[in-house]
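Here's the structure, in structure tokens; my notes come after.
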Amino acid sequence: MSWMAWTWPTAAFFGSIAAVLVGFTILAIRYPETPRVGVLGIETTRGDRLFITLLGSAFINLGWLGLTDLPQWQALILCALYAAAVFRWV
């Protein structure tokens, strides 16, 4: 498959997403939770907050690529802060 950009960073990215999904599935089985209402005013579960985090992180990275010339790894720091905020307050 020479037409796809399957590099080690790409594989690590998708492997990490798969590992997080498996981890959250195990958490949901072992420690069921009830939805909670955060600053958005809607009920969210761990999975909802994970989805919001992944979607927001994608937009942060796209904006970072399009609007700055800074190294992409710095966007990872911003995404980690965003994820911590989502899981804490959403």
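A quick note: this is a predicted structure, and the numbers were derived from the prediction, not measured.
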message: If I take atom OG1 from residue T45 and atom CG from residue L50, how far apart are they, to the nearest 0.5 angstrom?
response: 9.5 Å

- prompt: Is there a path of hydrophobic side-chain contacts, each under 4.5 Å between heavy atoms of I, L, V, M, F, W or Y residues, that connects I42 with W89?
  reply: yes

R49 with E43: basic N within carboxylate O range, under 4.0 Å: no

task: With the side chain counted from C-beta on, respond yes when C79 and N61 share a heavy-atom pair under 4.5 Å apart, and no when they do not.
output: yes

message: Are F24 and I17 connected into the same hydrophobic cluster when the rule is that any two of I, L, V, M, F, W, Y join if their side-chain heavy atoms are below 4.5 Å apart?
response: yes

- request: Could you grab the distance from atom CG of D48 to atom CZ of R36, nearest 0.5 Å is fine?
  value: 11.0 Å

task: Report yes if some heavy atom in the side chain of V90 is under 4.5 Å from a heavy atom in the side chain of I52; otherwise report no.
output: yes

- request: I would like to know whether T10 and T7 meet side chain to side chain contact (heavy atoms under 4.5 Å, CB included); could you show each step before the answer?
  value: CA-CA 5 Å; T10 303; T7 62; 3.1 Å; yes

task: Check whether V20 and F87 end up in the same hydrophobic cluster, where Ile, Leu, Val, Met, Phe, Trp and Tyr are linked by side-chain heavy atoms less than 4.5 Å apart.
output: yes

message: Please report the interatomic distance CG(L21) to CG(L54), rounded to the nearest 0.5 Å.
response: 7.5 Å

- request: Mark yes or no for whether W64, through its side chain, and D69, through its backbone, hold a donor-acceptor pair below 3.5 Å.
  value: no

query: Do Y82 and L78 touch side chain to side chain, with heavy atoms closer than 4.5 Å?
result: no

task: Mark yes or no for whether E33, through its side chain, and R46, through its backbone, hold a donor-acceptor pair below 3.5 Å.
output: yes

statement: Tightest non-hydrogen contact, residues A83 and T53, listed as CB-CG2, 3.4 Å

